[in-house]
Each structure stands twice: as C-alpha cells, then as structure tokens.
Amino acid sequence: MANLTRHESRQAAFQILFALEKDPQNNNIDRLYDIVLEGKDFDDYLPRLVNGILGNKIDLDTQISEHLAAGWAIARINKADLVILRLAIYELSQQLVPYKVAIDEALILAKTFADEDDRKFVNGVLKNFAPKVEATDTKD
C-alpha cells in the first residue's frame with residue numbers, strides 16, 4: 001500500500017492535533033493515529049508534523065499572537081483555525097515547504113474543515129508570514 005501524500009499527511013495531522021486540542025487529557029496518540037489513518041501507511045512526514053507542532057506549540061502560539069489584530073487573543077481563535085495556523089507556521093518555520101505551498105494547503109484545510117470566514121481569517125493571519133523581500137541597492 002502506498003504512503004499518504006503530503007496533503008493527506010497534513011489532513012491526518014490536522015485531525016490528530018484537533019482531537020488533542022479538543023480533549024487535552026487524551027494522551028493516547030497511538031489510538032488517534034489508528035482512528036484517523038484506518039490502517040493506511042504513512043512515512044515520517046506525519047509524525048514529524050504532529051510531534052513538531054506539539055513540541056513547539058508555545059512558540060507557534062507566540063508567533064500567531066504577534067500577528068493578531070488589536071483586541072484579539074489566541075484564546076479567541078476557534079480550535080480548527082488555530083490548528084491550521086500552527087500547521088502552516090510550523091511548516092514555514094522549519095522550511096519544509098515554500099510559502100505558497102504552506103498557504104495553499106492551509107486554505108484547503110480551512111475549506112475542508114471550517115467555513116469561508118475561517119478561510120479568510122487563516123489567510124489574513126498567514127499573509128503576515130510572507131517572506132520578506134530584501135530591497136536591493138542598484139546604485140554603483
């Protein structure tokens with residue numbers, strides 16, 4: 001059987017991380033893998049995403065908080081959007097994928113697991129993580 005695609009790995013990571021976010025007392029991550037994957041094979045990308053996000057949650061949340069509009073706090077973000085943002089920002093911070101891929105995949109996840117307003121919110125936050133293009137000095 002073929003391994004999950006990167007897109008399928010992101011979807012599975014979202015589902016596992018969302019379940020953990022909804023029920024923080026659930027520490028049986030192996031059971032969550034079984035439920036989400038239903039026996040499908042996967043490579044190291046899925047656990048890299050899940051473990052990396054879990055291990056860097058505080059840093060990821062700090063980065064998200066820095067880019068929220070005035071009056072917004074991370075606790076106000078719905079759990080689906082928060083998981084999608086963490087996933088995209090983790091992939092960007094670890095340079096696992098180009099910026100455009102991270103954004104496109106985050107928007108697909110939002111379209112799949114949330115609604116249009118959530119998709120717009122995710123897009124609005126993630127645009128702050130666009131790579132900075134250095135101004136070049138053309139003077140001789």
Side-chain angles (χ1 to χ4, degrees):
M1 188 183 320
N3 285 338
L4 298 176
T5 65
R6 289 281 173 107
H7 175 72
E8 292 168 332
S9 291
R10 283 183 198 92
Q11 285 184 319
F14 170 85
Q15 291 172 305
I16 291 166
L17 292 164
F18 184 78
L20 291 170
E21 194 67 26
K22 290 294 276 185
D23 182 11
Q25 303 306 315
N26 184 352
N27 58 6
N28 192 345
I29 199 162
D30 292 333
R31 175 99 171 100
L32 289 174
Y33 271 83
D34 290 342
I35 292 168
V36 169
L37 296 173
E38 299 174 332
K40 296 176 188 160
D41 291 332
F42 59 93
D43 61 14
D44 66 341
Y45 199 68
L46 174 58
R48 181 176 185 182
L49 291 176
V50 172
N51 296 334
I53 291 165
L54 291 174
N56 291 286
K57 191 174 0 179
I58 293 170
D59 181 53
L60 294 168
D61 288 355
T62 299
Q63 290 181 58
I64 294 166
S65 294
E66 290 170 356
H67 295 289
L68 294 176
W72 272 80
I74 199 128
R76 194 170 159 197
I77 301 173
N78 77 48
K79 295 194 184 318
D81 292 351
L82 185 57
V83 171
I84 292 167
L85 289 168
R86 286 175 183 156
L87 187 53
I89 295 166
Y90 179 76
E91 284 189 302
L92 287 171
S93 68
Q94 297 299 306
Q95 299 178 343
L96 300 177
V97 295
Y99 173 76
K100 184 170 177 15
V101 172
I103 301 309
D104 287 348
E105 287 291 328
L107 297 178
I108 291 168
L109 287 173
K111 185 176 179 181
T112 303
F113 295 107
D115 64 24
E116 182 62 19
D117 288 338
D118 293 316
R119 190 190 66 75
K120 289 177 184 175
F121 175 77
V122 167
N123 190 46
V125 174
L126 290 178
K127 74 178 181 184
N128 294 301
F129 290 88
K132 307 288 187 273
V133 178
E134 295 295 324
T136 57
D137 187 12
T138 57
K139 295 180 185 174
D140 290 343

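All values below come from the heavy atoms of this structure, side chains included, with hydrogens, waters and symmetry mates left out. When a residue number appears, it is its place in the shown sequence, counting from 1.
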### Query
Is the shortest distance from a Lys or Arg side-chain nitrogen in R10 or E91 to a carboxylate oxygen in the other one below 4.0 Å?
yes
Tested for side-chain contact (heavy atoms from CB on, under 4.5 Å) against L126, the lone hit among I84, L107, I103 is I103
Can you find a heavy atom in the side chain of L68 that is under 4.5 Å from one in the side chain of F121? yes
Practice task
Could you tell me whether the side chain of D104 and the main chain of V101 form a donor-acceptor pair under 3.5 Å?
Solution key: no
Does atom CD (Q95) have a neighbourhood of more than 12 heavy atoms from anything else shown, all under 6.0 Å? no
Distance col, row Y90:OH vs L54:CG, nearest 0.5 angstrom, shows 10.0 Å
Throw together a table of side-chain donor-acceptor distances under 3.5 angstrom for residues 29-38, partners on residues two or more places apart or in other chains.
none

In short, side chain to side chain donor-acceptor pair (under 3.5 Å) pairs touching residues 68-80 with sequence neighbours left out are N78-D81, N78-D118
Decide, yes or no, whether a salt bridge links R86 with E21 under the criterion of side-chain N to carboxylate O below 4.0 Å. yes
Smallest heavy-atom separation, L4 atom then A12 atom, equals CD1-CB, 4.4 Å
OG1 (T62) and CD1 (I74) are apart, to the nearest 0.5 Å, by 7.5 Å
In terms of heavy-atom contacts, G124 and N128 come closest through O-ND2, 3.3 Å
- Item | Joint hydrophobic cluster, F18 plus I108, side-chain heavy atoms closer than 4.5 Å | no
Separation between CD (Q63) and CZ (F129), nearest 0.5 Å, reads 5.5 Å
Point to revise | Test side-chain contact (heavy atoms from CB on, under 4.5 Å) applied to L85 and V122, step by step | key: CA-CA 7 Å; L85 289 168; V122 167; 4.1 Å; yes
- Message: Run the side-chain contact (heavy atoms from CB on, under 4.5 Å) test on F42 and E8 for me, step by step, so that the C-alpha distance in whole Å, both residues' side-chain angles and the decisive distance to 0.1 Å come before the verdict.
- Response: CA-CA 9 Å; F42 59 93; E8 292 168 332; over 6 Å; no
CD1 (I77) and OG (S65) are apart, to the nearest 0.5 Å, by 6.5 Å
Interatomic distance, CD@E105 vs NZ@K100, rounded to 0.5 Å, equals 10.5 Å
Rounded to the nearest 0.5 angstrom, the CG-CG distance for L17 and N51 is 9.0 Å
Minimal heavy-atom distance between A80 and F113, with the atoms involved, is CB-O, 4.4 Å
